[in-house]
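Keep in mind that the numbers below use all heavy atoms, side chains included, and drop hydrogens, waters and symmetry copies. First the proteins, then the strands, lettered A, B, ... as listed; each starts at 1.
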There are 2 protein chains.
Amino acid sequence: MTVRDVAAAAGVSPATASRALAGHTSVDPELARRVLRASSDLGYRANALARALRTQRTDTIGMVVPSISNPYFVAAVEAVEQVLADSDRALLLCDAREDTDVEASRIDLLVHRMVDGLIVVPVATDASAAALEHASRQLPVVQLDRFVDAAPTDFVGSDNAVGVGACVQHLRARGARRIAFVGARPTTSTAAERLRAFRDHVDEQECPDAWLLLGGFTAEWGRAAARSLLAGMEGGTGGGADLPDAIVCGADVIAVALVAELRAAGVQVPERVAIVSYDDSTLGALTVPPLTSVSQPVDAMAREAVRLLDHRRDHPGAAVHKSVFPPELVVRGSTA
Amino acid sequence: MTVRDVAAAAGVSPATASRALAGHTSVDPELARRVLRASSDLGYRANALARALRTQRTDTIGMVVPSISNPYFVAAVEAVEQVLADSDRALLLCDAREDTDVEASRIDLLVHRMVDGLIVVPVATDASAAALEHASRQLPVVQLDRFVDAAPTDFVGSDNAVGVGACVQHLRARGARRIAFVGARPTTSTAAERLRAFRDHVDEQECPDAWLLLGGFTAEWGRAAARSLLAGMEGGTGGGADLPDAIVCGADVIAVALVAELRAAGVQVPERVAIVSYDDSTLGALTVPPLTSVSQPVDAMAREAVRLLDHRRDHPGAAVHKSVFPPELVVRGSTA
DNA sequence: CTGAAAGCGCTAACAC
DNA sequence: GTGTTAGCGCTTTCAG
C-alpha cells in the first residue's frame, strides 16, 4: 500500500497523488477527488517513516521529566500528551530518575531520534545546563516548570513569587503569626524562587531561621522535616509553644508526608498547625485533611509549550521567549 | 554526517562501512578498524529514520495505559521505560483516558508509527478487544496486568487469586470475622479475578452481599463506598456494630480515599476497621496509616513484557504465552 | 571479502 | 497543473 498504488488507481502520477493527499491547492479539483477517493477505498496510510525521512519531521515530541513518580510531573505529561494527540502527534517520554547523567543521555537519545522538539523539566540548575544547551542547538527546546539560565531556550512556567505570596497572605488572614517553610534546596529554579519569595514575605519575627527547612522534593524529606519541627517543640517551653502556627510546603509530595507525620504525633491539622502547599496534585486532594495548595494551569502551560516549539521551528532565530502563568491558591481542609 | 562520509574517510565503500559499523564478521579486521576509527573521529551517528525505513525496525516500543494518573500504571510505565532505555530503545507513551475509543485511536497511532511492539493495559474486557486483535495482526502485542480473552496476544500479569487469598488470610489471622470488599465492577480481568477470588474465600456469614461493593478504580468510588458502608452502620444496631471488621480494597486509589472518608467519620483504622488493598503504590505508603497492600513485581513484569515482544518478533507463529507472577502482601499500619 | 547498485516510501525540484 | 526525476540515509542483495 504505497502512494504509487493510490496514484495508479486514480490514474495520476505519484507526485500528484502526494500533492492531493497533502491538500496542496495546485491540484485539479477533479483529480484531487479521484485521488482522495482511491486513497480511502484502498485504506491508504502514508508510511510515517518514509515521510519523516523525506520531510525531516517526525510528528513526535520528546519529553524528559525528573521523575515520573512525582504527581506534578505526571500531570504535566498527561497534559502534553493530550495536546499532542489532538494534533496527531506522539510523545516520546523519558524519565531522568533525578539524575543529570541519565537526563543527558535521554536528551541525547531523543535528539538522535529526531523528535521535532523537546520539552524538558530540568533536574538541576547547574548540571542540566550542558545537555540542554547542546540540544537547543539542534532542535527547538522548551524548558517547563523549572528554568536553567545557562541554557538559552524558551520557557513555560508559573509565577512562584505570586504563588508563595498568596500562601503567606492566606495564612496571615487565617490568623497565623509564626510560619515555617519546608521546601527543597535551591538546586532548581522553582525551589529557589519559592524560597526567595517566602523570605521576602516574612521577617525573622514571623519565621526564625530554624524554621526554614530545606531538603528535596520527596516524601522522605517531608517526614524528616516534620520530625525536626517536632524535636524543636520538645526542646521549647512545652505545650507545643515552639511549633509554628502554619507551614508553607514547597510541594504536595512534601506536604502529604509532613502532615502524616505531624498527625501521627498528635498535632492537629489545621487546628494547631495549618498547612499550605504547592502543586495541587491529585495526591493532595486525597489526604486527611485535603491540602490547601497552589494550583498551576497545567493544560494551558502544556499548550503553550507545544506552541512555542512549533513557533521556534518556523522561526529558529527568534528571541528566547518566557511564558509565565499566574498560579491560584485552592483552599481546602488543611487551612479550613 | 552520513555513512558515505565515514566510508570516504576510511577509504572504503559505504557498504563496507555499514557492515563494519553493524559488527558483521565478514569484514576484514583492518578495514573494520579503520571504519570504526573514522566513525568515532567524525562523531558519526547513524540516522535513525533512514535505518528504520530500511530495516523496518524503529527501536521504539509503544505503550497504552488506561490512565496515567493511576500510580500503579505509572509504576508500570516507569519500569518499562527503564528496561527499554537499557537496550537503547525508546517508549512512545499514550494515555487512553479510560476510554476505549481513545484507546483504539492511540493503538492505531502507534501501529502506524511502526513501533516494534505494543504493550497495552486494556481499558475494558469487551470494548478493547477489537483494537487489540487488529493490532496483534500487524505487530507483536503484549497485554499487561489486564487480559482481554478475545484478543489472542501474549500476556504478563500477576496472580490475583493468590493476592486476594493472602489478604483474606491475613485479615482472619488478625481476628477479623466480618469482611467487606470494595472493588471495581468486573469490566476488566483484574477486577473480575479479584472479585471472584474474594467470593471464593468468604461465605455469606463472613461477608453478606451488601458488603460486596463494586465501582471503578478511582478515588471517588473509594469515598462513595465508604459513605455507603457508614450509612449501613447507622441503620444497624448502633455503636458501629454493622460495620465490617475489615475491608479488602481492589486498588490503592480506592483504599486511600476510603480510609480518608472513614477516618473523617471518626472510624479508627486499623483498630475498628482494618484495611488491605492492592498495588502497593507510593500513594498507599504515604497515607495515615500506611496501607497494607498486595505488591506485584513490576520490574520483573516489565522485563518479561519486553522479552515477550522481542521473542514474538523472532517467532511470529509461536503459541500465545502468558506469564503470571506471584504477588506478595506487604503489611503496614492499616492492619498493624 | 568488497563494491556497485538498488530500493525502503515518500515529497520537492524541475521541467513541461 | 502535472509528470518525471532525484534523493532523504541507510542496508542489502548481487556480482565479482
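For the OP1/OP2 pair of dG9(C) and a distance below 4.0 Å, the side-chain nitrogens and oxygens of T2(A) include no atom meeting the criterion. The phosphate of dG9(C) has neither OP1 nor OP2 within less than 4.0 Å of any side-chain N or O from Y44(A).
When each of K322(B), Q143(B), E133(B) is tested with T153(B) by the rule side-chain contact (heavy atoms from CB on, under 4.5 Å), just one qualifies, namely Q143(B).
Counting only N and O atoms by type, the side chains of R89(A) and S87(A) include a donor and acceptor under 3.5 Å apart. A donor atom on one side chain and an acceptor atom on the other are found under 3.5 Å apart for R113(B) and T60(A).
Rounded to the nearest 0.5 Å, atoms CD (E103(B)) and CG (L132(B)) are 6.0 Å apart. Distance check: S189(A) OG to D149(A) CG gives 8.0 Å after rounding to the nearest 0.5 Å. Distance check: D95(B) CG to L93(A) CG gives 11.5 Å after rounding to the nearest 0.5 Å. To the nearest 0.5 Å, atom OG1 of residue T188(B) and atom CG of residue D145(B) are 8.0 Å apart.
First and last contacting nucleotides of DNA chain D toward chain A (any atom under 4.0 angstrom from a heavy atom, 5' to 3' order): dG1(D) to dC8(D).
Between the side chain of R312(A) and the backbone N or O of V141(A), no donor-acceptor pair lies under 3.5 Å. At distances below 3.5 Å, at least one donor-acceptor pair connects side-chain atoms of D154(B) with backbone N or O atoms of H321(B).
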Using a cutoff of under 3.5 Å, can you pull out all pairs of nitrogen or oxygen atoms linking the protein to nucleotides 2-5 of chain C, with atom names and distances?
unit_1: dT2(C); atom_1: OP2; unit_2: D28(B); atom_2: N; d: 2.7
unit_1: dG3(C); atom_1: OP2; unit_2: S13(B); atom_2: N; d: 3.1
unit_1: dG3(C); atom_1: OP2; unit_2: S13(B); atom_2: OG; d: 3.3
unit_1: dG3(C); atom_1: OP2; unit_2: T16(B); atom_2: OG1; d: 2.8
unit_1: dG3(C); atom_1: N7; unit_2: R19(B); atom_2: NH2; d: 2.8
unit_1: dG3(C); atom_1: O6; unit_2: R19(B); atom_2: NH1; d: 3.4
unit_1: dG3(C); atom_1: O6; unit_2: R19(B); atom_2: NH2; d: 3.4

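Around atom CZ of R313(B), more than 12 heavy atoms belonging to other residues, nucleotides or ligands sit under 6.0 Å away.
Residues from residues 48-56 of chain A with heavy atoms under 4.0 angstrom of DNA chain D, sorted by number: L53(A), R54(A).
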